Amino acid sequence: MTIENTIVQHIQKAVLSLYATDIQLDSIVIQETRKEFEGQVTAVTFPFTRFSKKTPEQTGAEIGEYLKENLKEVADFNVIKGFLNLSIADSYWVDELLTSVHGQSFGQFPSNGQKVMVEYSSPNTNKPLHLGHVRNNLLGFSVAEILSANGYEVIKANLVNDRGIHICKSMLAWKLFGNGETPESSGLKGDHLVGKYYVIFDKEYKKQIETLISEGQTEDEAKKNAPVIKEAQEMLLKWESADQEVIDLWKMMNSWVYAGFDVTYKKLGVDFKKYYYESDTYLLGKDTIQEGLDKGVFFKKDDGSVWIDLTDDGLDQKLVLRADGTSVYITQDLGTAQLKYDDFKMDKSIYVVGNEQDYHFKVLFLILQKLGKSWANGLFHLSYGMVDLPSGKMKSREGTVVDADELMDDMIQTAQERTEELGKVDGFTEEEKKDLYNMIGLGALKFFLLKVEPKKRLLFDPNESIDFQGHTGPFIQYTHARICSVLAKADYKNKISDNYSNVLTILEKDLIVNLAKYPDVISSAAREYSPAHIANYVFELAKLFNKFYHEESILKAEDPQVRNFRLDLAAATAKTINKAMKLLGISVPSRM
RNA sequence: GCGCCCAUAGCUCAGCUGGAUAGAGCAACGGUUUUCUAAACCGUAGGUCUUAGGUUCGAAUCCUAAUGGGCGUACCA
C-alpha cells in the first residue's frame, strides 16, 4: 500500500474519531507537497471544516496531531492556510528505496489475467512510411509496452492495407513507365520504389485531366474519364477476379514494399505479433450485416443497400453495405473486429488511428454495441493528432512528406556530428559508435514525438532540428550514462545498503519520493493510454538526479555509509530511467 | 449547417479526479569546471491560462456562449 493510501485511510479514521463523521475515502484530497513547504504529502482540509465547525487551520492541526500520534510514518506536520503538510519519516523513504524501488518487480505489475490487442501502424502498401506513421508506430508500440508493464498480455497487431485502387495506381504506373525497374536494378528501397510510381501515376493523372478539360470536359468528367484512372479501375476488377498477371504483379510489388517496411520497422524498433491483410479480410463483414438485419439493427432500402439509423444517438444514417452487395470500409471493419475477437478473445482492443477517423470509430463501436457484442465495450480508439509541417498537411501524392527513413538517418547523422563535436567517443570501437549514434538520434526523435499528449496535433519543422538539450531524449540518456560512469568507478554491482539511519538530505528525499511514484505513473499512463505521462515523468526524474549529482557528492562522501546509500540511490535512478525509457521504446547508453 | 478535438510565457509543451504565489525546456541575458561526464547545474527576465458569463469556500481545470485553429459530416480507405 502506498503512503498516500495509508494516510487517506487514517484521515478517515481521524475525522470519525475527532468529529464523529464517517466520510467517503474519495472525498479526501491528497497531493504532493509543493516544494516551498516542509513535508512530502499534503491533505486539503477545507472539506472537513463542515464537520469540525472550526477554521481550516484548527482542523488541519487536529488531524495532523491525530496522524502524528497514530501513524508511525508521519514524523511531523505543519498547517498553512488550510493545507496540512505531512513530513513522512526518513525511515519510510529509506525502506521505499532499498526494498521497493530496488525490488525485482518494481515497475512491472503482476499479471491481471487480461488480454489486450493493440493495432497500430496499418500502412498502405503503395508508398513508404512518413512522419505521421512514425508517430503512429511509436505510440502504438509504447502503449503496448505500457499495458504489458501493467500486467496485461498484449498482442501487437498490424492491419496492412494491401489492396484497393491506390495500390493499382502504383502498379499501373510501374507497368506503363517502369521499364522493368526493380529495387535491385535501381538501388532503391522497395517501398520507395513503389512510392515513386504512385507519385508518377498522380502526375500523369493530373496531366490527362488537364488535357481533357482543355478539350471541353468539366473537371468532374475529366477526373472520371482520364485513361489512367479507368485503367487502374479495370486493374482492380481484374485483381478481384484473380487475374493471374495482375496478381503476380501485385505480389511482386508488395514483396518489395514489405522488404522496405521491415527495414524501417527494425530501425524504429517496433514489432508485431499478428499481421492481418486487407486482401484477406476485405470480404469479411457480410455475415455481420446479415446478423444485423436479422436482429433488426440494420434496415434495407428499396435499392437493396443496407443502412443503420443512428440519428437517435446524435449521428447520421450510415451505409453499411452497397446495393450491389459489395463492402464499404465499415463493412470490412465490422468483419475484421469479429475476426480479431474470434482469434484472440481479448478483453480490450486498442485501435491506434489518427483523429480524422474519430467519427468512423464512434460509429463502428456503436454498431457493435447495438449488435450486442459482449466485447464491444472493450474497444477503444486511441486517436492522435496529425503531424503538420509549417507548410501544412503532408501529402504523399504531392511528395510533401517527411520520409521516415530519411528522418531517422538525419537524426542519427546529427547525433554523430553533435557527439563528435563534444569529443565524447574516445575509446569507442566503430561498432559502439554506430550503436551510440543510433541510440541518441532515435532517442531524440522518439522522445520528441512521445512527450506530447497523443490527441494534440504536432507541428514539425524540418528546418529546425530536434533538440539534444533540455527536455529531450538525449538529456535523459546522458543522465543515465553519467550514473553508469559513477557506478563503474565504484565497481558497483548490486545493492549495498541493508539499512540507513542518517538523516536524509532534501535532495535525496526528493529523489526517492520521485522514484516511488513510478508505479503510479505507469498505471496512469495505461489508464490514459498516454506515453507522454512516462516521458514527462522520466524527464523530471533525470532533472532531479542532475541537481542532486551536482550538489551532493556520491563517491566523495566522507561517511562510507552515505557513499553506499547514495550509490544505491543512483543505481535505482538509473534502473528506473532505463525501465521508463524502455516503455517509450528508447534505449539508454552506459557511456556517451 | 451540424458534430468532434484543440487554445497556458516570444517558441515547444507540463499542469492527475477543482485546491496554496500557474510550472518546465528552447530562445535572451548573467554565472558555475584544480572536485563523481558542462549533452550538466544555478540565477535574471518573460503570464489578464483566447474572451464573456455561471457553479463553488476555492476554477487553467467543471458548465454555457462567443472567437480563433484543426478534423469530420463519401456508396474513399
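By convention in this document, chain letters (A, B, ...) are assigned in the order of the sequence lines, proteins followed by strands, and residues within each chain are numbered from 1. Computed from a predicted structure; not experimentally measured.
- Across all strands shown, rA39(B) remains unpaired; no Watson-Crick or G-U wobble contact has both distances below 3.5 Å.
- Across all strands, Thr42(A) comes closer than 4.0 Å to base atoms (heavy-atom distances).
- rA45(B) and rG1(B): their C1' atoms are spaced 48 Å apart (whole Å).
- The phosphate of rC4(B) (OP1 or OP2) has no side-chain N or O of Lys362(A) nearer than 4.0 angstrom.
- Here rA20(B) is the nucleotide among rU37(B), rA20(B), rA40(B) with the atom lying nearest to any side-chain atom of Gln31(A).
- For Thr479(A) against rA40(B), no side-chain N or O and base N or O form a donor-acceptor pair under 3.5 Å.
- Residue Gln357(A) is in base contact, counting any heavy-atom pair closer than 4.0 Å across all strands shown.
- Rounded to whole Å, the distance from CZ on Phe447(A) to C1' on rA14(B) is 11 Å.
- Using a 4.0 Å heavy-atom distance criterion, Ile165(A) is classed as making no nucleic acid contact.
- Judged by atom type and distance alone, Lys424(A) reaches the base of rU37(B) through a side-chain donor-acceptor pair under 3.5 Å.
- The main-chain N or O of Tyr275(A) is never found under 3.5 Å from a side-chain atom of Asn158(A) such that the two would form a donor-acceptor pair.
- Ring centers of Tyr518(A) and Tyr537(A): under 6.0 Å apart, within the cut-off.
- Checked against a 6.0 Å centroid threshold, the rings of Trp250(A) and Tyr277(A) do not count as neighbours.
- Looking at which nucleotide of RNA chain B each of Ala542(A) and Tyr329(A) is closest to, the 5′-most match is held by Ala542(A).
- Contact check on Glu219(A) versus Lys223(A) returns a salt bridge, with a Lys/Arg side-chain nitrogen under 4.0 Å from an Asp/Glu carboxylate oxygen.
- A side-chain donor from one of Ser122(A) and Glu119(A) sits under 3.5 Å from a side-chain acceptor of the other.
- If you check rC16(B) for Watson-Crick or wobble pairing at under 3.5 angstrom, you find it has no partner at all.
- Judged by distance alone, with hydrogens and angles left aside, Thr472(A) brings no side-chain donor or acceptor close enough to the base of rA39(B) to form a pair under 3.5 Å.
- Here rG47(B) sits opposite no nucleotide as a Watson-Crick or G-U wobble pair (both hydrogen-bonding atom distances under 3.5 Å).
- Between rC4(B) and rC57(B), the two P atoms lie 30 Å apart (nearest whole Å).
- Using a 4.0 Å heavy-atom cutoff across all strands shown, Glu552(A) reaches at least one base atom of the nucleic acid.
- Val44(A) comes within 4.0 angstrom of a base, heavy atoms only.
- For an aromatic pair to be called close, the ring centres must be under 6.0 Å apart, and Tyr329(A) with His360(A) satisfies this.
- rG3(B) and rC71(B) make up a base pair, with Watson-Crick or G-U wobble contacts both under 3.5 Å.
- Under the stacking criterion of a centre-to-centre distance below 5.5 angstrom and an interplanar angle below 30°, Phe475(A) is not stacked against the six-membered ring of rA39(B).
- When each of rA20(B), rA14(B), rC36(B) is scored by its nearest atom to the side-chain atoms of Tyr549(A), the top-ranked nucleotide is rC36(B).
- The residue among Glu453(A) and Tyr478(A) whose nearest nucleotide of RNA chain B is located toward the 5' end is Glu453(A).
- For rA59(B), there is no paired nucleotide, since no Watson-Crick or G-U wobble pair has both relevant distances below 3.5 Å.
- In this structure, rA9(B) makes no Watson-Crick or G-U wobble pair, since no nucleotide meets both defining distances under 3.5 angstrom.
- Between Arg527(A) and rU17(B) there is no side-chain N or O to OP1 or OP2 distance below 4.0 Å.
- Thr336(A) and Asp333(A) share no side-chain donor-acceptor pair at under 3.5 Å.
- Across all strands shown, Asp303(A) has heavy atoms under 4.0 Å from base atoms, whether or not it also approaches the sugar-phosphate.
- Phosphate contact (OP1/OP2 of rC36(B), side-chain N/O of Arg566(A), threshold under 4.0 Å): absent.
- If you check every strand for non-hydrogen atoms under 4.0 Å, Pro47(A) touches a base.
- Pairing for rA52(B) goes to rU64(B), judged as Watson-Crick or G-U wobble with the two contacts each under 3.5 Å.
- Using a 4.0 Å heavy-atom distance criterion, Thr419(A) is classed as a base contact.
- Between Arg457(A) and rC6(B) there is no side-chain N or O to OP1 or OP2 distance below 4.0 Å.
- If you check rA20(B), rC5(B), rA77(B) against the side chain of Lys455(A), the one that comes closest is rC5(B).
- Each of rA40(B), rA39(B), rC26(B) was ranked by its minimum atom distance to the side chain of Asp467(A); first place goes to rC26(B).
- Taking the six-membered ring where the residue is Trp, the centroids of His471(A) and Phe539(A) are separated by under 6.0 Å.
- Separating the C1' atom of rG46(B) from that of rA22(B) is a span of 14 Å, rounded to the nearest Å.
- Contact between the side-chain N/O atoms of Arg322(A) and the OP1/OP2 oxygens of rC76(B) is found at a separation under 4.0 Å.
- For the OP1/OP2 pair of rU73(B) and a distance below 4.0 Å, the side-chain nitrogens and oxygens of Lys318(A) include no atom meeting the criterion.
- At the heavy-atom level, Asn85(A) lies under 4.0 Å from base atoms of the strands shown.
- Comparing the P positions of rG3(B) and rA66(B) gives a spacing of 10 Å, expressed to the nearest Å.
- The residue Tyr359(A) sits close only to the backbone: its heavy atoms come under 4.0 Å of sugar-phosphate atoms, none of a base.
- Residue Ala532(A) is classed as having no contact, given no heavy-atom separation below 4.0 Å to the nucleic acid.
- At the heavy-atom level, Phe539(A) lies under 4.0 Å from the strands shown only through sugar-phosphate atoms.
- For the OP1/OP2 pair of rC42(B) and a distance below 4.0 Å, the side-chain nitrogens and oxygens of Lys547(A) include at least one atom meeting the criterion.
- Across all strands shown, rU34(B) forms no Watson-Crick or G-U wobble pair with both distances under 3.5 Å.
- Salt-bridge check for Arg457(A) with Asp388(A): passed, with a basic side-chain N closer than 4.0 Å to an acidic carboxylate O.
- Nucleotides rA7(B) and rU50(B) place their C1' atoms 7 Å apart, quoted to the nearest Å.
- For the P atom pair drawn from rG69(B) and rG58(B), the interatomic distance equals 35 Å after rounding to whole Å.
- If you take atom C1' in rG23(B) and the same atom in rA60(B), they sit 12 Å apart, rounded to whole Å.
- The side chain of Phe83(A) has rG19(B) as its nearest neighbour among rA77(B), rG19(B), rU37(B).
- Of the P atoms belonging to rG70(B) and rU12(B), the separation is 15 Å, rounded to the nearest Å.
- Contact annotation for Ser553(A): base contact, defined as any heavy-atom pair under 4.0 Å involving a base atom.
- Within the 4.5 Å cutoff, no side-chain heavy atoms of Asn85(A) are placed close to those of Val79(A).
- Each of rA77(B), rG15(B), rC75(B) was ranked by its minimum atom distance to the side chain of Ser305(A); first place goes to rC75(B).
- At least one side-chain nitrogen or oxygen of Lys81(A) sits closer than 4.0 Å to the OP1 or OP2 atom of rU21(B).
- Between Ser485(A) and rU37(B), a side-chain N or O to OP1/OP2 separation shorter than 4.0 Å is present.
- Nearest to the side chain of Gln469(A), among rA39(B), rA20(B), rC36(B), sits rA39(B).
- Closest approach to the Glu278(A) side chain among rA39(B), rA77(B), rA20(B) is made by rA77(B) (side chain taken as heavy atoms from C-beta onward).
- At a threshold of 4.0 angstrom between heavy atoms, the contacts of Met592(A) include nucleobase atoms, whether or not backbone atoms are also involved.
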